[in-house]
Amino acid sequence: MKIYDFDRVIDRKNTSSYKWDNPLYQGKPMLPMPVADMEFAVADEILEALDNITQHGVLGYSIVPDSLKLLAQKKIQEDYQWETELEWQVWLPGIVPGITLACDLFANETRGVATTIPVYHPFHLIPTWLGRPLITFPMVEKEGRWTYDFIAFEEALKKQPAVFLFCNPHNPGGTVFNQDEIDLIISLCKQYDCMIISDEIHADLRIHPQSKHICIGQFIEEIPSISFFATSKAFNTAGLGGCVAIIPHKSTREAFVKKTFGYMPMLSRHSIDVMSATYQHGSNWLSQLIPYLKQNHDFLMDFVKQQAGLDMIPLEATYLAWISYDQSWGDLPERLLEHGLHVLRGEQFKGKNFIRLNFACPHSQLEEACQIIASLSH
Ligand SMILES: Cc1ncc(COP(=O)(O)O)c(C=O)c1O
């Protein structure tokens, strides 16, 4: 069994990296911890799949083979004991375009889109891009984790959104929603006749040992639902994209597929073969990644707790720390940027006085980030 070295620092500069070659830095040295990709090389089997394509040399159009469909079906069955039909699957190059398309199709100018805040920014931007009403409700801290303010959620649903966008595990905040929360979300959405679109891209990135990911789509019966799954986030192949939408409801699925025509490019052979390799061989790499991320998480938590005016709730999943700062830190993201550390500003996710820091990096880089933060303390 191959042992992976996540401590290895890989130079990503001049690789057209969105993170490292950001024009914002203007060539200045920068430790970038914004967008959600990891600093680690992928599993060997993924590289082999890519090598095979290179050796073959032909890069024509591709179809999603039945073998990949069966692998996705098997994973859903094994992870959730959810028996899905192959015909429920709709394969797409990315989740964000899939959600955009669904909101365009199922929401309208009077019945908009509900989502919680803070949230992964496309969730609140998509309705705005499409000219659909955006209805938000806040997350609250309860018993040491972020969860919904369910009273505010019901108030939001009373405004009659057509679509509720659910992010589970949640980005940012790392919540893995439990069965009670899932049941309540379904019963409220059913009561207010609101479709549920669920994004499960972070499902395999559970770092809290007790957290169990529950797929909401499995329990939805009387309202339409779309559940998006992808291997790209947990296996660090985000640049290749690829995802599957599970849409059990026939007319919803047919309308969705029709809407993709002319808009959605086909999946590349690279993304298809990489997803196949990941489903079949990714578990060794992932089983080593998770404890590494957990160690980084715990290190960061300890660091944050020692800094007056900074706070963080432990994550159940994801590698995206959601850190609050008080006034004594001034404009923390801006100050960090000036001192060579790029993190995302909470406002991007509609969270005020937060930063989102991506700790999926070699430990040495995380230590360096903490040193930069500490150097700005008062
Ligand atoms: C919750 C969530 N959904 C979707 C994506 C991106 O998905 P895709 O690249 O398939 O559009 C991200 C990326 O960080 C994410 O955090």
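Order of listing sets the numbers, starting from 1, for every ligand and every atom in it. Heavy-atom basis, side chains included; hydrogens, waters and symmetry copies ignored.
Listed by number with element, the atoms of ligand 1 under 4.0 angstrom from any heavy atom of Ala36 are 14 (O). In summary, the atoms of ligand 1 found under 4.0 Å from a heavy atom of Ile95, numbered by their order in the structure, are 7 (O), 8 (P), 10 (O), 11 (O). Taking every non-hydrogen atom of Cys167 and a distance limit under 4.0 Å, the qualifying atoms of ligand 1 come out as 1 (C). In summary, the atoms of ligand 1 found under 4.0 Å from a heavy atom of His202, numbered by their order in the structure, are 1 (C), 15 (C), 16 (O). Within the listing of ligand 1, atoms 1 (C), 2 (C), 3 (N), 4 (C) sit less than 4.0 angstrom from a heavy atom of Asp199. The contact set between ligand 1 and Gly94, taken as ligand atoms under 4.0 Å from a residue heavy atom, comprises 10 (O), 11 (O).
Side-chain contact of His363 with Gln295: a donor-acceptor pair under 3.5 Å is absent, judged by distance alone. Judged purely by distance below 3.5 Å, without hydrogens or angles, the side chains of Gln288 and Asn284 pair a donor atom with an acceptor atom. There is no side-chain donor-acceptor pair under 3.5 Å between Tyr120 and Asp199.
The nearest heavy-atom contact from the protein to atom 6 (C) of ligand 1 is Tyr120 OH, 3.4 Å. Nearest protein heavy-atom contact of atom 14 (O) of ligand 1 is Lys233 NZ, 2.8 Å. Nearest protein heavy-atom neighbour of atom 7 (O) of ligand 1: Ile201 CD1, 3.5 Å.
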Query - Test log, rule side-chain contact (heavy atoms from CB on, under 4.5 Å), inputs Val90 and Leu92 - result: CA-CA 7 Å; Val90 183; Leu92 301 167; 4.3 Å; yes
Requested in this report: Start with the C-alpha gap between Trp329 and Gln327, add the side-chain angles, then the distance that decides, and say whether side chain to side chain donor-acceptor pair (under 3.5 Å) holds.
Outcome: CA-CA 5 Å; Trp329 290 85; Gln327 281 173 347; over 6 Å; no
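Between Phe354 and Tyr325, the gap from one ring centroid to the other reaches at least 6.0 Å. Aromatic rings from Phe177 and Tyr148 are positioned such that their centres are separated by under 6.0 Å.
Checked for salt-bridge contact, Lys190 and Glu221 miss the test: no charged N lies under 4.0 Å from a carboxylate O.
Only the side chain of Asn171 comes within 4.0 Å of ligand 1, counting heavy atoms alone; its backbone N, CA, C and O stay farther away.
The shortest N or O to N or O distance between Val96 and ligand 1 is under 3.5 Å.
In this structure, atom 9 (O) of ligand 1 is not in close contact with the protein, since no protein heavy atom lies within 4.0 Å of it.
The aromatic rings of Phe164 and Phe153 sit tilted, their planes meeting at an angle between 30° and 60°.
The shortest heavy-atom distance from Gly241 to ligand 1 is not under 4.0 Å.
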